[in-house]
Structures are given as C-alpha cells and as structure tokens.
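A, B, ... follow the sequence lines: proteins, then strands. Residue 1 opens every chain.
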Amino acid sequence: MSQEVRLRFPPSPTGYLHIGGARTAILNWLYAKKHDGKLILRIEDTDAERSTEESIKGIIDGLTWLGIDWDEGPYFQTQFSEDHKKAAQQLLDSDQAYRCFCTKEELEAKREAALAEKRDVKYDGTCRHLSPDEVQAKEEAGLAAVIRFKVPRDRSGMVSYDDKVLGTIGRSYDDIEDFVIVRSNGKPLYLLCNVVDDIRDRISHIIRGQDHLSNTNRQLLIYEALGAPIPTFAHMPLTLDLQKKKISKRSHGEIVSVQYYREQGFLPWGLVNFLVLLGWSPGDDREIFSKEELIEAFSLERINKANSIFNYRKGDPKFFTDPKAININAHYLRTMAISEIAPLVKGQLLAAEIWDEAYEGEKREWFNQTLEMSRERFHTLKDFTTHGRAWFSDDFQMDPKALKKNLLKHPQLEEWLPELGRRFAALDDFSAASCEQLCRDFAAEKDVKPGIPINGSRAVLTGQIKGPSMFEVFAHLGQETVVRRLAETNKWFQGDE
RNA sequence: GUCCCCAUCGUCUAGCCAGGUCCAGGACACCAGCCUUUCACGCUGGCGACAGGGGUUCGAAUCCCCUUGGGGACGCCA
C-alpha cells in the first residue's frame, strides 16, 4: 500500500500573494491533483508583528481567482501553538535541545565581530555546555532563555536526502549551528512549527523554493529527533529579475502581485500557464495546456534546477509585464469559448460603467459577435474597455496616432466624412459588402485612395488606428451609430486647435 | 567569511542521467517579406546559445576536474 499523497501550501500572511508564491502553490496543487492527493492550505501566521487579516484575505482571493483549490484548511499555525510547545518540551526532555541564555546583544556582537574578522558566524555553543546547576541558577535569576536545537556533534558525515529536483543534497553536521527553535518569549519559531505542522498534517511531499535549501538540512534533524518519517522534498528554482535579484514587492512593486494581473485583465489560467512554464517544461514542445493536460504532463523530475528570470522591463511601453505572459494570455483570450469570455468581459464593462443589460438580452448575439470580432487583436480583457471601447460607448478616446495620421493629415475629411455618413444613412442594405461598395465609389468620386475615407472612418468610429476589416466594422457597428459618429466628425478636428 | 545550489539563443526552454542521428530543436521578443484599406491577427524567412580551460573517449552540449560567473542561506522572520 502506498503512502497517502498530501501536500501543503504554507504562505505567511505578510503581504499579498505574489507570483513566486503562486507558482509554488501551483506546483504543489498540480502534484496533488496528479497523484490523487490532497492539498492543504496552512497560513503560517506565527509572526504576529507582520501578519495581517488583509493579507490572509488577499492570499485566499488570489488562489481562488487562479483556480487553485485546496482540500483542507485554511489552517492557522497559531491555532496549533500547543503542539509546537509540546514538541519543544519533548526535545528538551530528550536532551535534544537546550536553553540558551545568551542575549540578543551578545549574539549580535559576536556575529559582527566574526563578520569583521571574516570568520564563520555560527553560534559558538556557549550555553550548550552549561551544567544543570548553572542552568538552574540562571533560571532562578530570572534570565530569559531561548531554546536551541542540539545538533548531534558526535557524528561524522552528512545529513543528506534525495531531492526530487536537485538530486542528493548533503551538509555536514559541523556546518549546522545549534539553531533557535523557541523564542525567549516562549513562542516557537518557523523551523520547528513548520515541521510539527507537517508531521501532524501527514505531509508526504514538500515542494518549495530553493531559498529553503538550508532550512531543509536543519528540519531533517528535527524530524529525526521527533521520530517522524521524512517527507519527499523538491526544491524548485527561484524566479529572479533581469538583474538576477529575487523578485519582491519592495523592489518591483505591484508587478509581482497576482492581484495586479487580475486588475490588468489577465485570464487566471493564462497566468497559471505562464507561471508553470517558468522553471518547468513537459519535455516536448507543448506550451499551452488545458488544466487536465497540465496535470497529466506534470512531474517533479522535470522541474528545472537553474533559476529562471522574469523578463519584465520597467517602463517598457509595449509590454507591461513579461512578453511571454502576455502572449500566452492573448492566446487564451483569442481561443477560449465566447461563452467563457463573455462573463469576464461583462465584469470589465461593469467596472468601466459601459455595461448594457441588453447584452444579455436582445443584444446578446451582437455582443458575442463583437467579442469574436474584436478579440482577434487583443491581449488582455482590459482591451475591451480601452482599444475596444467604441463598440460599447460613444464616449471613447481617440488614439493620437489615429487622429494625426488618418484624420488631420487629410483636412478634407472634416467635410467628406459627414458626407459619407449621409450616404450611409441612405443605404437600404447595410451589409459589409454594400458598405465597401459605397466607400470605394466615394473614394473614386473624390479621386483619392480608398484608404483615406476608410481609415478616416476608422478613427472617427472607433478611435483606433487599426482593427478588424473596416467594412465588417461598419456593418457590425450598425447604421445608426455609423451615421451619428460620422456626422460628428468635426469634434475631432476642433479638439486639436 | 562559512556552507549549499546552479550554468544552452536577449528571455522561457528541449537535448544531458543511458556520449555519435546536434555545425544544437521549439516558444516569446526582435528584424524582413507576404497578406491587408489598416493592424500588436495569420503565413514565410532571418537574427540568435552549449561561460572558459583541462581531461576521459575514435567521438563531449552531454561524463570528470579546475576556473569564472550567478543565486541562496548564515535572524529570538517565514
């Protein structure tokens, strides 16, 4: 009988859900799904100083939006502090931990001295060798004490394990200091809590970032001291910026938060698909996956060893985030079923206050066709309310380039376009074909290239410099709107005085 | 300073474990052409990498060593 597969995502609620954390959650989720396991959400809120309710909500909202579901939790680490204290006591009782009376100041001084002399900065073990009498005396004197784990010193060799991503990882006992597991105020620390919780939650696989590599060696010792089975570890590569620095809110701002992508009109699965490709590949050329395909294709062994770079250039006018992320998102935007896109666009239109209830009533068909026509060139849901705004509202912005190149460059258009509008008004059959015929006849009559009235119309009707076939646009926008907007052509000319 | 991890196009990566089919494949980005009234759609093509040095071998992107480079950890944070 094989062991039950149980994974966990344990964020600390000290900020929003950022894309690195989301990536960790995604990989854990994929592995759980693939192996019919469970994913546990555990909020590691032991750092009372920095944990916030808002952050907890942000993390849960972010995961939910991404479509990352969990089977148990959220549990809160603070709810289990008795477990943590009991474990610490157990280690103390079994002589696998000891009280340390060194003050923060003393330790800080030693650390700085060591750094200054370019010596190793590990704890020197001062309190490890205190006699029972000395310990008692210090306790009676009311000295505050932390609890340190007693790293075995009588062993040679390494504490090692087989990492599913990196292979065999080892570190010699000598290189591990007697680390603190309980604060002097009695609050247990991450290294201990995390292990105790993972044991209690019967976690079988731990997938986390390589920044935890050195924690793992120490935590292995805790598992052993507590007599618990060791889970399988997989350390995934970190995500760095172009300067090869860890991405963080502090230095990168909102661009690393999941919420930002939501606000920018990303499709949740588009983001998931991009993120999973950052440090993992299926081994073949596939890059676009449905949820089922991704779960099927996923494996720990195919996670990369090397860190990957989030290709984001601050201030890039063309790409507000990694171009590949946008490209993948655009792919989904163009290929998803209209029925799936429609409610998402509705959300955008509602937020922009240009939603019309009729889009779900008598204009439903028109609305769906509009999405089909316009999404061809779009990258995010936001484009429906920016580049595509004129489909839904007369109150749209004119692209300065369209104004300059397709309108102001040809001053006659101020007269011609209203005239063209009057002809459109007289048209009985307002189809793309007859609109095209009308435009071409008009251009021939004025002895100019058809592109001039056509592109001028595009500017006045859509505010854009490009878009779908203009004849389709005429027909789809409808006679009434086309005539009205062309009649108002002069407002664009006046605006430029 | 100590310990650990990593190293293929600008970016994400395939190939590496089981050396030859790799003068290194795909994607994004970029450039050019085509299509088009227009276009950040589409199509075609182009540019572009095995960090360096030794070694093993008939043969190395693949195995070994060194160097260099990058990252991480070294908290009474998580």
J.: Among the candidates B:A14, B:C39, B:C12, find the nucleotide nearest to the side-chain atoms of A:Ser281.
T.: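 Of the candidates, B:A14 comes closest.
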
J.: Take the protein atom CD1 of A:Ile247 and the nucleotide atom P of B:C12, then report the distance between them rounded to whole Å.
T.: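 My rounded result for the distance is 12 Å.
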
J.: Please work out if A:Gly467 contacts a base, only the sugar-phosphate, or nothing of the nucleic acid, heavy-atom cut-off 4.0 Å.
T.: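 Base, at least one base heavy atom under 4.0 Å.
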
J.: Test for a donor-acceptor pair under 3.5 Å between the base of B:U37 and the side chain of A:Ser469, counting only N and O atoms.
T.: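 Under the 3.5 Å cut-off, the side chain and the base do form a donor-acceptor pair.
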
J.: Let me have a per-nucleotide readout for nucleotides 72-78 of chain B, 5' to 3', with B, S or -, counting only protein heavy atoms under 4.0 Å.
T.: SSBSBBB

J.: Round to the nearest Å and state the distance from A:Lys401 atom NZ to B:C39 atom C1'.
T.: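 My rounded result for the distance is 11 Å.
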
J.: Give one of base, sugar-phosphate or nothing for A:Ile452, where a contact means two heavy atoms less than 4.0 Å apart.
T.: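 Contact class for A:Ile452: none.
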
J.: Determine which nucleotide pairs with B:C30, using a 3.5 Å limit on both distances of a Watson-Crick or G-U wobble pair.
T.: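 B:G46 is the nucleotide pairing with B:C30.
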
J.: Heavy atoms under 4.0 Å, any strand shown: does A:Gly167 hit a base, just sugar-phosphate, or nothing?
T.: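 Answer is nothing: A:Gly167 stays at 4.0 Å or more from every strand.
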
J.: Would a 4.5 Å heavy-atom cut-off, applied to side chains only, mark A:Arg99 and A:Leu92 as touching?
T.: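 The answer is yes; the side chains approach within 4.5 Å.
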
J.: Tell me what A:Gly279 touches on the nucleic acid: a base, only sugar-phosphate, or nothing, going by heavy atoms under 4.0 Å.
T.: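 Since only primed, P, OP1 and OP2 atoms lie under 4.0 Å of A:Gly279, the category is sugar-phosphate.
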
J.: Can you tell me the Watson-Crick or wobble partner of B:G1, both distances under 3.5 angstrom?
T.: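 With both distances under 3.5 Å, B:G1 matches B:C74.
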
J.: With the side chain counted from C-beta on, respond yes when A:Asn307 and A:Thr239 share a heavy-atom pair under 4.5 Å apart, and no when they do not.
T.: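 Not in contact.
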
J.: Under 4.0 Å between any heavy atoms, over every strand shown, what does A:His387 touch: base, sugar-phosphate, or nothing? Just pick one.
T.: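 It contacts base atoms.
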
J.: Which base sits across from B:A7 as a Watson-Crick or G-U pair, both distances under 3.5 Å?
T.: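 The base-pairing partner of B:A7, which may sit in any strand shown, is B:U68.
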
J.: For the C1' atoms, the ones on B:A60 and on B:G15, what distance do you get once it is rounded to whole angstrom?
T.: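 It works out to 13 Å between them.
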
J.: Strictly below 4.0 Å: does A:Arg377 bring a side-chain N or O up to OP1 or OP2 of B:G42?
T.: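 No, because none of the side-chain N or O atoms of A:Arg377 sits under 4.0 Å from OP1 or OP2 of B:G42.
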
J.: Please encode protein proximity along nucleotides 26-31 of chain B as a string of B, S and -, counting only heavy-atom distances under 4.0 Å.
T.: BBSSS-

J.: For the C1' atoms, the ones on B:A51 and on B:U57, what distance do you get once it is rounded to whole angstrom?
T.: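 Each nucleotide's C1' atom is 23 Å from the other's.
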
J.: Taking a pair as Watson-Crick or G-U wobble with both distances under 3.5 Å, which nucleotide is matched to B:C41?
T.: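 Base-paired to nothing in any strand shown.
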
J.: When the C1' atoms of B:C22 and B:A49 are considered, how many whole Å apart are they?
T.: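 My reading of the C1' atoms in B:C22 and B:A49 gives 13 Å.
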
J.: Can you confirm whether the side chains of A:Asp197 and A:His84 place a donor and an acceptor under 3.5 Å from each other?
T.: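 The answer is yes; a qualifying pair exists.
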
J.: Which whole-number value in Å describes the distance from A:Leu220 CG to B:C4 C1'?
T.: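 A:Leu220 atom CG is separated from B:C4 atom C1' by 14 Å.
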
J.: Determine the interatomic distance between P on B:A7 and the same-named atom on B:C16; round to the nearest Å.
T.: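 It comes out at 14 Å once rounded to the nearest Å.
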
J.: Considering all heavy atoms of both residues, which atom of A:Ile59 and which atom of A:Pro13 are nearest to each other, and what is their separation?
T.: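 Reported closest heavy-atom pair: CD1-CA, 3.9 Å.
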
J.: Mapping A:Phe310 and A:Asp175 onto RNA chain B by nearest heavy atom, which one lands closer to the 5' end?
T.: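 The answer here is A:Asp175.
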
J.: Which is more 5' along RNA chain B, the nucleotide nearest A:Lys305 or the one nearest A:Lys118? Just name the residue.
T.: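 Looking at RNA chain B, the more 5' nearest nucleotide goes with A:Lys118.
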
J.: Just to be sure I understand the rule, does A:Pro468 reach a base, reach only the sugar-phosphate, or reach nothing, if contact means heavy atoms closer than 4.0 Å?
T.: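 The answer is base, as A:Pro468 lies within the cut-off (heavy atoms under 4.0 Å) of a base atom.
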
J.: When the distance from CG of A:Asn304 to P of B:C5 is rounded to whole Å, what number comes out?
T.: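 Nearest whole value for this atom pair: 17 Å.
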
J.: Relative to the ring of A:Phe442, is the ring of A:Trp416 parallel (under 30°), tilted (30 to 60°) or perpendicular (over 60°)?
T.: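 Ring orientation, 0 to 90° scale: perpendicular.
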
J.: How are the rings of A:Phe233 and A:His235 set to each other: parallel, tilted or perpendicular (split at 30° and 60°)?
T.: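 Aromatic pair A:Phe233/A:His235 classed parallel.
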
J.: Can A:Arg218 be said to sit on top of A:Phe179's aromatic six-ring, NZ or CZ under 6.0 Å from centre and within 45° of the ring axis?
T.: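 Judged by the rule, A:Arg218 and A:Phe179 form a cation-pi pair.
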
J.: How are the rings of A:Tyr260 and A:Phe320 set to each other: parallel, tilted or perpendicular (split at 30° and 60°)?
T.: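 Ring orientation of A:Tyr260 relative to A:Phe320: perpendicular.
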
J.: Just the rounded figure in Å: distance from C1' of B:C39 to CD of A:Glu376.
T.: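 Distance, rounded to whole Å: 11 Å.
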
J.: Side-chain contact test, heavy atoms from C-beta onward, threshold under 4.5 Å: evaluate it for A:Arg111 versus A:Tyr123 and give yes or no.
T.: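 With C-beta onward as the side chain, the pair stays apart.
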
J.: May I ask you to check if A:Arg200 and A:Phe80 form a cation-pi contact, with NZ or CZ under 6.0 angstrom from the six-membered ring centre and within 45° of the axis?
T.: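 A:Arg200 over A:Phe80 ring: yes.
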
J.: Send over the distance from A:Arg23 CZ to B:C12 C1', rounded to a whole Å.
T.: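 In whole Å, B:C12 C1' lies 11 Å from A:Arg23 CZ.
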
J.: Is the ring pair A:His212/A:Tyr190 parallel, tilted or perpendicular, if the boundaries are 30 and 60 degrees?
T.: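 If you compare the ring of A:His212 with that of A:Tyr190, the planes turn out tilted.
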
J.: If pairing requires Watson-Crick or G-U wobble contacts with both distances under 3.5 Å, which nucleotide is the partner of B:A18?
T.: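 Answer to the pairing question: none, since B:A18 forms no Watson-Crick or G-U pair.
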
J.: If I take atom CE in residue A:Met236 and atom C1' in nucleotide B:C6, what distance separates them, rounded to the nearest angstrom?
T.: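 To the nearest whole Å, that distance equals 15 Å.
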
J.: Using atom OH of A:Tyr312 as one end and atom P of B:C12 as the other, report the distance to the nearest whole Å.
T.: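 Roughly 17 Å, once rounded to whole Å.
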
J.: With C1' as the reference atom in both, quote the distance from B:C76 to B:G71 in angstrom, rounded to an integer.
T.: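 The answer is 27 Å between these two C1' atoms.
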
J.: Students often get this wrong, so: under 4.0 angstrom with heavy atoms, is A:Arg302 touching a base, only sugar-phosphate, or nothing?
T.: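 Sugar-phosphate, backbone atoms only, no base.
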
J.: Do A:Lys324 and A:Glu287 come within less than 4.5 Å of each other through their side chains, counting heavy atoms only?
T.: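 Yes - at least one pair of side-chain heavy atoms lies under 4.5 Å apart.
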
